[in-house]
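Notes to accompany the following structure.
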Protein chains: 2
Amino acid sequence: MATTREDIVAATTELFRSQGFNGTSLKQISTESGAPTGSIYHFFPNGKDELGAAVITESGAAYQSLLELIADDATDVVEAIGALFDGAAAALEESDFIDICPIGTVAREVASTHESLRQATSEVFGRWNGALSIRLAAAGIDGFKADELATTIVSAIEGGFILCRANRKTEPLRVTGRHMQLLVRAALL
Amino acid sequence: MATTREDIVAATTELFRSQGFNGTSLKQISTESGAPTGSIYHFFPNGKDELGAAVITESGAAYQSLLELIADDATDVVEAIGALFDGAAAALEESDFIDICPIGTVAREVASTHESLRQATSEVFGRWNGALSIRLAAAGIDGFKADELATTIVSAIEGGFILCRANRKTEPLRVTGRHMQLLVRAALL
DNA sequence: CCAATACTAGAACGAGCGCTCTAGTATTTC
DNA sequence: GAAATACTAGAGCGCTCGTTCTAGTATTGG
């Protein structure tokens with residue numbers, strides 16, 4: 001059984017996915033989560049900004065766990081990259097192209113206007129980069145190259161979400177994933 | 001001398017870059033463009049949605065011209081890709097990380113809620129893809145492969161903007177650009 | 001069992017939203 | 001030069017925004 005706080009964060013995460021930060025109102029969050037305004041302000045006294053930061057940090061950690069699960073399940077790092085992009089594409093299709101990463105959306109919207117949120121997104125991306133980088137390095141890629149490759153892979157996933165959502169097609173993520181596999185394979189030689 | 005309509009579109013484009021669609025109010029657009037509300041509704045009778053679509057279509061065309069200029073200025077297609085990403089990175093830094101592509105931001109925000117805007121973003125991305133694809137094919141890459149590569153390149157640019165903006169660093173775009181050059185070079189062999 | 005704390009509940013606030021409307025001034029067209 | 005059209009100007013509409021506030025109910029600790 002989920003706590004009220006978890007309900008609020010979960011509902012907000014879902015709303016951020018399809019409408020972003022500015023497009024989501026506290027009224028909607030209250031309705032979708034079943035928690036009244038008072039509860040939202042009880043758990044997040046600084047209001048929407050604080051709730052937004054929690055959504056970014058916590059959903060960022062959840063994505064990272066998923067990423068690590070996928071990676072450690074694959075037989076090699078090249079297969080892992082493919083599974084990552086194909087998994088994202090499948091989730092997107094299943095949700096009628098709603099289920100994109102909310103962090104990239106919020107980063108674009110508010111990086112210039114809400115410094116605390118910008119920092120939260122930056123930290124999450126940094127951690128993803130680290131998780132990917134470590135696994136690429138473990139597969140035999142030089143540390144610096146691994147870090148650069150991880151940066152490109154995160155960029156490609158986030159950009160892939162944009163094209164998939166705009167076109168209502170999963171091809172961009174799948175195609176981009178295959179190109180990322182190619183880059184990793186080349187770095188392994 | 002710019003027309004009032006051009007002033008409105010230009011001001012809105014600039015505001016979308018830093019705050020997105022939902023984060024930008026008509027009041028701000030009026031103030032920044034110098035045009036009163038009446039003028040905005042004179043040129044865009046269907047209001048904010050119609051203005052938003054115009055911003056996407058017109059700034060999309062402007063970016064495409066820039067892309068073609070850069071591409072046709074370069075000695076080869078690999079150099080062109082590098083110039084594209086480095087140019088984007090430089091513009092970003094010069095503008096204190098505000099000057100990202102507004103189209104990717106709007107696509108993520110409103111693709112599920114404003115069908116007309118989603119279509120506008122899809123068309124723009126399609127045209128960019130075409131412009132890139134033609135040039136990759138002209139350099140000797142098989143047509144289908146060229147199209148796929150173009151998709152990945154557009155994804156990578158848009159995703160690169162996210163990481164750069166979140167981290168307030170230009171490295172992600174530059175690193176990603178070098179990786180794209182690598183992919184193109186590999187496809188040319 | 002009672003006091004303190006945690007949490008729920010939602011009405012109400014001022015501010016700002018997108019949009020409409022009326023009235024005005026330029027500019028064109030015949 | 002008169003009539004029609006194009007555009008400017010901004011006050012004001014109903015509504016929703018994020019936030020605050022008061023009052024209530026559970027839950028906990030001594």
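Sequence lines set the chain letters: A, B, ... in the order given, protein chains first and strands last, and positions in each chain run from 1. Only heavy atoms go into these numbers, but all of them, side chains included; no hydrogens, no water, no symmetry mates. Every value quoted in this text rests on a predicted model; they were computed, and no experiment measured them.
Within the 4.0 Å cut-off from OP1 or OP2 of C:dG10, not a single side-chain nitrogen or oxygen of A:T37 is found. At least one side-chain nitrogen or oxygen of B:S39 sits closer than 4.0 Å to the OP1 or OP2 atom of D:dT8. Within the 4.0 Å cut-off from OP1 or OP2 of C:dG16, not a single side-chain nitrogen or oxygen of B:S25 is found. OP1 and OP2 of D:dT16 both lie 4.0 Å or more from every side-chain N or O belonging to A:K27.
A donor-acceptor contact closer than 3.5 angstrom links the side chains of B:T75 and B:E79. For the residue pair B:T151 and B:N129, a side-chain donor N or O sits within less than 3.5 Å of a side-chain acceptor on the partner.
Summarising the geometry, the separation between CD1 on A:I8 and C1' on C:dA9 is reported as 13 Å, rounded to the nearest angstrom. Atom CG of A:L26 and atom P of C:dA9 are 17 Å apart (whole Å). One interatomic measurement links the two molecules: CZ of B:F21 to C1' of C:dC17, which rounds to 12 Å at whole-angstrom precision. In this structure, B:I29 atom CD1 and D:dA9 atom P are separated by 17 Å, rounded to whole Å. Separating the CG atom of A:L51 from the C1' atom of D:dT19 is a distance of 14 Å, rounded to the nearest angstrom. Nucleotide C:dC17 holds its C1' atom 14 Å from the CG atom of B:D49, rounded to whole Å. Here C:dA15 presents its P atom at 18 Å from CD of B:Q28, a figure rounded to the nearest Å. The nearest whole Å value for the distance from the CZ atom in A:F44 to the P atom in D:dT19 is 13 Å.
Nearest-nucleotide mapping onto DNA chain D: of B:T4 and A:K48, the residue sitting toward the 5' end is B:T4.
Across all strands shown, A:G38 has heavy atoms under 4.0 Å from base atoms, whether or not it also approaches the sugar-phosphate. Across all strands shown, A:Y41 has heavy atoms under 4.0 Å from base atoms, whether or not it also approaches the sugar-phosphate. Counting any heavy atom pair closer than 4.0 Å across all strands shown, A:T3 reaches no nucleic acid atom.
With a 4.5 Å cut-off on side-chain heavy atoms, B:F21 and B:V55 do not count as touching.
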(Q) Evaluate B:R165 against A:S112 for side-chain hydrogen bond (donor to acceptor under 3.5 Å, both in side chains), listing each step before the verdict. (A) CA-CA 8 Å; B:R165 213 158 130 76; A:S112 304; 2.7 Å; yes

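Under a 4.0 Å N-O distance rule, the pair B:R108/A:E158 qualifies as a salt bridge.
Side-chain atoms of A:H42 lie closest to C:dA6 of the nucleotides C:dG10, C:dA6, D:dC7. In the set D:dT8, D:dT20, C:dG18, the nucleotide with an atom closest to the side chain of B:P36 is D:dT8. Out of D:dG18, C:dT8, D:dT20, the shortest distance to the side chain of A:F43 is found at C:dT8.
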